Student: 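Have a look at this one before I ask anything.
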Amino acid sequence: MSDDSERLKGFLYEKIAKRKKQIHPEHSLRFNHDMQLEIDCIEWALQKIEVNKIPNDRLERVVRATIKDLEKRKDKAMIRSDTDDLWTKIESLQWVLFVIFAIRSKKMVLI
């Protein structure tokens, strides 16, 4: 596995750990649900790297295709909670794309 894939995995694991710490029974159900959706999306990307052994450039294409599919589903959604869930998934995957781009362009900034 390339150094870039290892770096991406590191950032994804960090984001998952950060989001897991934000889930708390005293927070609203919607907030906790959104955090879990974000974790699920990032874990999906990790699975593509670890299980499917997809390199970053191919992962980028897979994520972009998935975002397009989610956007189509969002446009057809009739229930507000479905739209909200799809937005959360789209934003989470866009973050993954941002990290891939930053690693590829060697402009990674820690936030």
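Count residues from 1 along the sequence. As the structure is a computational prediction, the values presented were derived from the model and not from experiment.
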Student: Provide the closest heavy-atom pair for Ile23 versus His27 in the form atom of the first, atom of the second, distance.
Tutor: C-ND1, 4.4 Å
Student: Does a side-chain N-to-carboxylate-O contact under 4.0 Å join Asp34 and Arg30?
Tutor: yes
Student: Just wondering, do Arg104 and Glu60 contact through their side chains at under 4.5 Å, heavy atoms?
Tutor: yes
Student: Under a 4.5 Å side-chain heavy-atom rule over Ile, Leu, Val, Met, Phe, Trp and Tyr, are Trp95 and Trp87 clustered together?
Tutor: no
Student: Find the distance between CD (Glu91) and CD1 (Ile67) and round it off to the nearest 0.5 Å.
Tutor: 10.5 Å
Student: In chain order, what residues pass the side-chain contact (heavy atoms from CB on, under 4.5 Å) check against Arg80, with sequence neighbours excluded?
Tutor: Asp84
Student: I need the Asp75 CG to Leu70 CG distance, nearest 0.5 Å.
Tutor: 11.0 Å
Student: Once rounded to the nearest 0.5 Å, what's the spacing between atom CZ of Arg64 and atom CG of Leu93?
Tutor: 11.5 Å
Student: Do the side chains of Leu8 and Asp4 get nearer than 4.5 Å, heavy atoms only?
Tutor: no
Student: Are Leu46 and Leu37 in one and the same hydrophobic cluster, where Ile, Leu, Val, Met, Phe, Trp and Tyr link if side-chain heavy atoms are under 4.5 Å apart?
Tutor: no
Student: Applying side chain to side chain donor-acceptor pair (under 3.5 Å) to Asn32 and Gln36, what does each step give before you reach the verdict?
Tutor: CA-CA 6 Å; Asn32 286 337; Gln36 188 58 53; over 6 Å; no
Student: With rounding to the nearest 0.5 Å, note down the distance linking CD1 in Ile90 to CG in Leu97.
Tutor: 11.5 Å
Student: For a 4.5 angstrom cut-off between non-hydrogen side-chain atoms, does Lys53 reach Ser5?
Tutor: no
Student: For the residue pair Glu38 and Lys15, establish whether any side-chain heavy-atom pair is separated by less than 4.5 Å.
Tutor: yes
Student: How long is the straight-line distance from CG of Asp40 back to CZ of Arg19, given to the nearest 0.5 Å?
Tutor: 13.0 Å
Student: Does a side-chain heavy-atom distance below 4.5 Å link Phe101 with Asn56?
Tutor: no
Student: So how far is it from Leu12 CG to Cys41 SG, rounded to the nearest 0.5 Å?
Tutor: 11.5 Å
Student: For Ile49, run the side-chain contact (heavy atoms from CB on, under 4.5 Å) check against Glu6, Lys9, Arg58 and tell me which one passes.
Tutor: Lys9
Student: Are any non-hydrogen side-chain atoms of Asp85 and His33 less than 4.5 angstrom apart?
Tutor: yes
Student: Do Gln47 and Glu43 have side-chain heavy atoms sitting under 4.5 Å apart?
Tutor: no
Student: Any non-hydrogen side-chain atom of Ile42 less than 4.5 Å from a side-chain atom of Phe11?
Tutor: no
